[in-house]
Structure formats: structure tokens, C-alpha cells
Amino acid sequence: MNMDNKSTVSEFVLLGLCKSWGLQMFFLMLFSLFYVAAMVGNSLIVITVIADLHLQCPMYFLLSNLSIIDMSLASFTTPKMIADHLISHKTISFHGCITQIFFLHLFTGTEIILLMAMSFDRYIAICKPLRYTSIISPQVCIVLVAASWIVGIMHSMSQVAFALTLPFCGPNKIDSFFCDLPVVFQLACVDTYVLGLFMISTSGIIALSCFILLFNSYVIVLVTIKHHSSGGSSKAFSTCTAHFIVVFMFFGPCIFIYMWPQNSFVIEKILSVFYTIFTPILNPVIYTLRNQEVKTAMRKLKSKFLNSNKASPLHYF
């Protein structure tokens, strides 16, 4: 039986964040600003890491890959959501909905593994500093990034395969601004209790388990930092604090949504906005405002850019 025979729904109606036209215009401007800021900020991090030789190390290599994922996470739904604020009847095709589910779980799954890789990098750097260069080599970093994408692809394919087996035979209104399994499966013409258990087992428990592992690793790191010198301790503590803020802000909404898939739609909307729009901007904000090396590299990059403009051939005519 093919997909078209299983489903009579060809498109879904997205109810969006609110019905008020005034609020929609406010969200249009706000989310446009956040999207541009996320893209510019994360792009600047990637360019800075590539351009500055002092940042050619595993931590910043992983950070630049995190920026790429954050730009992807912000882009899979935000542009359409911004455009939808200009129209009254917001729709998305069945295949478009499945595509959003695929990319959402691809980028979130990849980011989860990458955050664990960054935690592993900091753990080795602080707890086993003498073995750091032998354990965290450039080849290992490439393997970690490749593994994060492979895990993300496998996870997203399992979610899409699950979504394609669901029969949709009537209701097609999604009380959200994009497609995700917690809101889509409630429209299926089957018992949602079983689907909720699947959601908890495949996404909720995985996210919770990864967060617990990350939390424990950062606790070990912070305890180890106490035995370091004051200067190194301050720098290491600042770095680990920045990492953990990103981890907490990313995992919190995901765990809440997927561990309790029968949540209020209002709560799910707020949390969905948080980890698809706000979280991608946390990366450039936290790592640039709290990291002196990145700020110094950005100032050097800015000076180099300005000096190159001054030396342009146009000034000699």
C-alpha cells in the first residue's frame, strides 16, 4: 500500500502562533530580526574560526560546526513562518510537512551528538590535559562531526518512516507554526496513546539520557576546575559555563515537549519558538560575549577587513 492510499489529507492548515493581526505583525518583525541576527552571528563565528590561525583547534572546530547546525535549524522553518504572518490562510502540503519533520529531527539529533562531542572535548582538556593532543586529534574531531550527522540522519529517517505510516483521514489543522510529530500525530486516525509512548521512547528518553550524561560530565569538569590555578580556573570555568548554558537552553524545551507529548498547545508553541528561533542565536551571543579569544579574533578580522578596504586600488585613482 502506498502513501497516498493511507492518507486522504493532501495539506495541513497551520494555525500559527496567534490570530491577532497586530501580534502577527509584531512577531513578523521580531522573528525576522532574530533570524537575521542568528544567521549573521553564526556566519561570523564560522568565518572567524576559519580565518584566525589561533582558533585552529578542536574546541573552535566543533564550535564552528555547531554554528552551521544552528543556521540550518533556524532556516528549516523560520523563513516560512515569517512569510506566513503575511497571509491569513497558512497551509503546508503533506510532503512539505514530512520534510519539515525530517529536517527538524536531523538538525536537533545532530546538535545533540555535537554538544556531547564538545562536552567530551572539554572533559579531556580539563581532566586529562596531558593526554589531550593524543586523544582529541583533528582526525578524531572529523569523526565526531561525521558521527553526529550520521546519527542525526538515522534518527530523522526513523521519525519520518513512523510519520509516513500514520493514517490521516480527516482533521488537518495543526495548532502550531510548523510540523512536528507531537502535534501531527494527534491528527492521525489511530489511538494517540500508543503514539505518545513511541514519542517518549524514541525522542524524549534519548534527549533526557543525553542531558543527564552531559550534566554529569560538566559536574565532573567543574569539580576538577577547583584544583586548577586561579587564572586557568577562571578561563575554564567561563568556557564550561557557556557550554552548559547552550546545553540547558537546547535540551530543556526538547525534553519537555517529547517527554510529555500531550502538553498544552500554548506551551508547545512557546517552547517550539524557543528552540527553533531563539536557541540558534544563543550560540553567537554566548560564545562571543563570554569568550575573549573569539572577541579578539573578531577584532583582528574587522581590522584586516577595514585595512584591505583602505588599500583598495580605487584609492589610487
Rounded to the nearest 0.5 Å, what's the gap from [atom1] on [X] to [atom2] on [Y]? Could you check?
X    : Y    : atom1 : atom2 : answer
T133 : I124 : OG1   : CD1   : 11.5 Å
H105 : I101 : NE2   : CD1   : 6.5 Å
N172 : S10  : CG    : OG    : 8.0 Å
F211 : M116 : CZ    : CE    : 12.0 Å
Y60  : C141 : OH    : SG    : 13.5 Å
H95  : L164 : NE2   : CG    : 8.0 Å

Decide yes or no for [X] and [Y]: does some side-chain heavy atom of the first lie under 4.5 Å from some side-chain heavy atom of the second?
X    : Y    : result
L301 : D52  : no
V49  : F61  : no
S72  : F103 : no
L106 : I153 : yes
L30  : M25  : no
L28  : Q24  : no
K80  : L14  : yes
C179 : I174 : yes

ask   = Are T77 and T276 close enough that a side-chain donor and a side-chain acceptor fall under 3.5 Å?
value = no
Derivation of the side chain to side chain contact (heavy atoms under 4.5 Å, CB included) call for W149 and I69 = CA-CA 10 Å; W149 282 100; I69 296 174; 3.8 Å; yes
query = How are the rings of F168 and F94 set to each other: parallel, tilted or perpendicular (split at 30° and 60°)?
reply = perpendicular
request  = Measure the acute angle between the ring planes of F31 and H85, then classify it against the limits of 30° and 60° as parallel, tilted or perpendicular.
outcome  = tilted
Joint hydrophobic cluster, [X] plus [Y], side-chain heavy atoms closer than 4.5 Å:
X    : Y    : value
M118 : L213 : yes
F215 : I212 : yes
L33  : M81  : no
M157 : L73  : yes
L63  : V143 : no

How close do [X] and [Y] get, counting heavy atoms only, and between which atoms?
X    : Y    : value
I220 : T224 : O-OG1, 2.8 Å
P129 : A125 : CB-O, 3.4 Å
T48  : A297 : CG2-CB, 3.5 Å
P284 : I45  : CA-CD1, 3.4 Å
Y35  : A74  : CE1-O, 3.5 Å
V46  : S67  : CG2-CB, 3.8 Å

task = Step through the shown structure and confirm whether more than 12 heavy atoms of other residues, nucleotides or ligands are within 6.0 Å of CZ on R299.
result = yes
ask   = In this structure, are over 12 heavy atoms from other groups packed under 6.0 Å from F76 atom CZ?
value = yes
request  = Report the C-alpha separation of L114 and V145 in whole Å, then their side-chain angles, then the decisive distance to 0.1 Å, and conclude whether the side chain to side chain contact (heavy atoms under 4.5 Å, CB included) test is met.
outcome  = CA-CA 7 Å; L114 189 59; V145 172; 4.2 Å; yes
task = Would you please test I135 and F120 for side chain to side chain contact (heavy atoms under 4.5 Å, CB included) and show each step?
result = CA-CA 10 Å; I135 296 177; F120 176 68; 4.1 Å; yes
Without swapping roles, check the side chain of [X] against the backbone of [Y] for a donor-acceptor pair under 3.5 Å.
X    : Y    : result
D121 : A117 : no
T110 : F107 : no
S119 : L115 : no
D70  : A38  : no

task = Could you please spell out the steps behind the side chain to side chain contact (heavy atoms under 4.5 Å, CB included) verdict for L214 and F251?
result = CA-CA 10 Å; L214 286 168; F251 276 89; 3.5 Å; yes
